There are 2 protein chains.
Amino acid sequence: MGRVLKDGPKIGEVAAAAGVSRATVSRVMNGQSTVAPDIADRVREAAAELNYRPSTLARSLSLGRSSTVAVVVPDLRNPMFHQVLRGVMDASEAEDYRTLVAETADRTADESAVAQEARARCDAVILVNPRMPQEALEELLPQLRPVVLVNRTTAHEDIPSLVIDHAQGIHRLVDHLAGLGHRHLAYLRGPAGSISDIPRREALADAVARRPELRVDHLAGGSTIDAGFEAADQVLASEATAVVAFNDLTAFGLLARLNESGVRVPDGLSVTGFDDIELARFANPALTTVNVPHAELGRRAWQLLAEVVAGGPVPASGRRPRPSSRS
Amino acid sequence: MGRVLKDGPKIGEVAAAAGVSRATVSRVMNGQSTVAPDIADRVREAAAELNYRPSTLARSLSLGRSSTVAVVVPDLRNPMFHQVLRGVMDASEAEDYRTLVAETADRTADESAVAQEARARCDAVILVNPRMPQEALEELLPQLRPVVLVNRTTAHEDIPSLVIDHAQGIHRLVDHLAGLGHRHLAYLRGPAGSISDIPRREALADAVARRPELRVDHLAGGSTIDAGFEAADQVLASEATAVVAFNDLTAFGLLARLNESGVRVPDGLSVTGFDDIELARFANPALTTVNVPHAELGRRAWQLLAEVVAGGPVPASGRRPRPSSRS
DNA sequence: CTGTTAGCGCGTTCAA
DNA sequence: TTGAACGCGCTAACAG
């Protein structure tokens, strides 16, 4: 593509048309009140006449700020990210910031590149559930500043991060299932490299340690509907009476396959999810899941960003919003 | 937020460190082969040493191009948009373009503003299923050039647009349902202002005109799962034997409520969707729907953009990718 | 209140 | 092959 950033008139032409200097045009366009009303009108007229639109790009370069945040997500197909997004959008627009989204489309190898490209065009980045190895992350983060991390932590003490307390959610689910009399659970793991899978597994180990009567089989899963669907055979083969799926999408996929196979849920097999996406309510039967305040997470991510940019004290990162169970 | 666009070293510092001019650094950074190998190495070293990253913003301003496309969508919760997105991403990245997403979050009134903001930061815009009134659209489009429209048309003859042949899809569904013996259908309309709802309604009217034995009730629907869920009572009250839902999401929501109510599908009531999103396959029972080549749509949108920017002939817009039915 | 000057950070002519 | 000079389009500091 050729030169496409500016086709219309430039500030100089408006200035000439109005018989003033470019600085004056700039002032009028930015609503500065230090311009004589009559001359301001003249400028506005000229601008309207020529259909003048200031170049955001040039403006950004000059101001040193683009008033845009980038949110980088691994997979837009997962509704949970939409909630985070809405949270960021709501919070940032209150401060006249726009939100742009970059998706890495599950290509973990490109995550760094996508994040950097996004950062190059925005004032800050919110990295949501990145999947890259810790080492790569640690190297990337400094180049992204200001940046905040969601569902991932870092050794950089001055880079804030927000992490859902997955362990607590898992404990809730296990309590719930054990309370129903289940002794043999199956855990459908997250995708390879998923970081938030670790605390879940730890929490399960913890639960088993505390309840000797409990047994948990770990099965290959994933983070998509399809992964859950495909995992059904394994689940049945395990003979577990209840399944803890990595998230709602996999739980939903599993449920779909079970329904197809005539396995009754929850009589024949209990299935639980994680995230409490809208889909969970409409599953058949409705999914037992763990509510995670995703929108709130997005809002807080924006807040942390604002704090870090204001150069305030290093925000207390790692505070964990508590998930609450829901059935 | 303060000045955040450039914290690192600038091209001048690298030049100084390497003992060359900024022009030479620029050449090296952009892979121009007209630089003596030894001096190029020196520059690269200096750049690495200082951890130099060229400012994409300044580069864009200078080049007049940002190598970024914006895709503006009304609602990321609808998976069909993800497919379009992937299509655009795949096609554009082959030409070293990045894709950024802007969501209007269903706030039709803000669509214009969001699109303009997006355009201000990118070289081009792909406007997917905008919901704003035609008048507003016609006024907006010229300001967005280069732009291509998806699922919407315009009077601007030089602005390409790509439209799914919704009518054909509807005809397929009606044929299918009529073939099954259904005589009384209910149509769950799209959201207020949805443009692609119009051809659907027309196609239904058309079908009724052609088959006197057919009757179609139009009911208030929407484009979300929830809307479909809420519409169930109306649907049952209509006593129709088959439902044509606006899209897969509403069909899915309706299905969920019907399952809850103990209405057997498709024995008691047939339900069809539109779009063929992944969810349709996993519904219970699997949804009869119309496959729409969304990813292909995204790819073609990018192609049209490339053509229009190349200043080629006005692309034959309005060509309609044919949907194909699926059960 | 307005204009002049300088500069944001980089790419690219044009000479040398 | 290299560098000096100018331009991208706009805003900010300073003078007047």
Side-chain angles (χ1 to χ4, degrees), chain A residues 1-44 46-47 50-68 119-123, chain B residues 1-44 46-47 50-68 119-123:
Chain A
M1 294 204 183
R3 170 163 293 263
V4 276
L5 279 176
K6 189 69 182 183
D7 16 83
K10 329 190 178 312
I11 196 172
E13 310 179 26
V14 178
V20 297
S21 76
R22 298 180 312 176
T24 298
V25 176
S26 171
R27 287 192 267 257
V28 173
M29 296 311 289
N30 295 307
Q32 302 218 15
S33 49
T34 67
V35 180
D38 54 334
I39 193 129
D41 282 341
R42 228 166 60 216
V43 170
R44 268 188 284 270
L50 297 174
N51 205 294
Y52 168 67
R53 320 235 143 230
S55 156
T56 309
L57 195 67
R59 191 160 192 281
S60 296
L61 182 59
S62 185
L63 285 176
R65 130 178 82 78
S66 65
S67 298
T68 312
R119 174 61 178 83
R121 292 164 173 77
C122 300
D123 291 345
Chain B
M1 294 204 185
R3 171 163 293 264
V4 277
L5 280 177
K6 190 68 183 184
D7 15 83
K10 330 194 177 308
I11 196 172
E13 309 179 27
V14 178
V20 297
S21 77
R22 299 179 314 175
T24 299
V25 176
S26 171
R27 288 191 265 258
V28 172
M29 296 310 290
N30 295 307
Q32 301 218 15
S33 49
T34 67
V35 180
D38 55 333
I39 195 129
D41 281 341
R42 228 167 59 216
V43 170
R44 268 186 284 269
L50 298 174
N51 205 292
Y52 169 67
R53 319 233 145 231
S55 156
T56 309
L57 195 66
R59 190 160 193 282
S60 296
L61 182 58
S62 186
L63 285 175
R65 138 176 76 79
S66 65
S67 299
T68 312
R119 175 59 178 87
R121 293 164 173 78
C122 301
D123 290 346

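Since we're looking at a predicted model, the values are computed, not measured.
Using a 4.0 Å cut-off, no side-chain N or O of A:S55 falls inside it from OP1 or OP2 of D:dC10. Phosphate proximity of D:dT2 to B:S21: absent, as no side-chain N or O sits under 4.0 Å from OP1 or OP2.
Distances from the side chain of A:R27 to the nucleotides D:dG9, C:dG3, D:dT2 place C:dG3 closest. Distances were taken from every side-chain heavy atom of A:T24 (C-beta onward) to each of D:dC10, C:dC10, C:dT2; the shortest belongs to C:dT2. Which of D:dA4, D:dG9, C:dT12 sits closest to the side chain of B:L63 comes down to C:dT12. Among the nucleotides D:dC8, C:dC10, C:dG3, the one closest to the side chain of B:K10 is C:dC10. The listed nucleotides are C:dC10, C:dC8, D:dC10; the one nearest the side chain of A:A58 is D:dC10. Nearest nucleotide to the side chain of B:R22, out of D:dA5, D:dG9, D:dT11: D:dA5.
Distance B:L57 CG to C:dC8 P: 14 Å, rounded to the nearest Å. Remark: P of C:dG9 and CD of B:E13 are 9 Å apart, rounded to the nearest angstrom. To the nearest angstrom, P of C:dG9 lies 12 Å from CD1 of B:I11. Per the geometry, CG belonging to A:N30 stands 5 Å off P belonging to D:dT11, to the nearest Å. In this structure, CZ of A:R59 is placed 12 Å from C1' of D:dG9, rounded to the nearest angstrom. Protein atom OH of A:Y52 is 7 Å distant from nucleotide atom C1' of D:dG9, rounded to whole Å. Here D:dT11 presents its C1' atom at 10 Å from CG of A:L61, a figure rounded to the nearest Å.
Pairing each heavy atom of B:V25 with each of B:V43, the nearest pair is CA-CG1, 4.0 Å.
Below the 3.5 angstrom threshold, one finds no donor paired with an acceptor across the side chain of A:R53 and the base of D:dG9. Judged by distance alone, with hydrogens and angles left aside, B:S62 brings no side-chain donor or acceptor close enough to the base of C:dG9 to form a pair under 3.5 Å. Under 3.5 Å, the side chain of B:R65 and the base of C:dG11 form no donor-acceptor pair of N or O atoms.
Mapping A:M29 and B:I39 onto DNA chain D by nearest heavy atom places B:I39 closer to the 5' end of the strand.
When side chains are defined from C-beta on, A:R27 counts as touching A:T34, because their heavy atoms get closer than 4.5 Å. Counting heavy atoms from C-beta outward, A:R121 and A:T68 have side chains that stay 4.5 Å or more apart.
The line from CZ of A:R59 to OG of A:S66 is 11.0 Å long, rounded to the nearest 0.5 Å. Rounding to the nearest 0.5 Å places OG of A:S60 at 10.0 Å from CG of B:L61. Interatomic distance, OG1 of A:T56 versus CG of A:L63, reported as 10.5 Å (0.5 Å rounding).
Residue A:A23 is classed as a base contact, given a heavy-atom separation below 4.0 Å to a base. Residue-level contact check: B:V20 touches the backbone only, with heavy atoms under 4.0 Å from sugar-phosphate atoms and none from bases.
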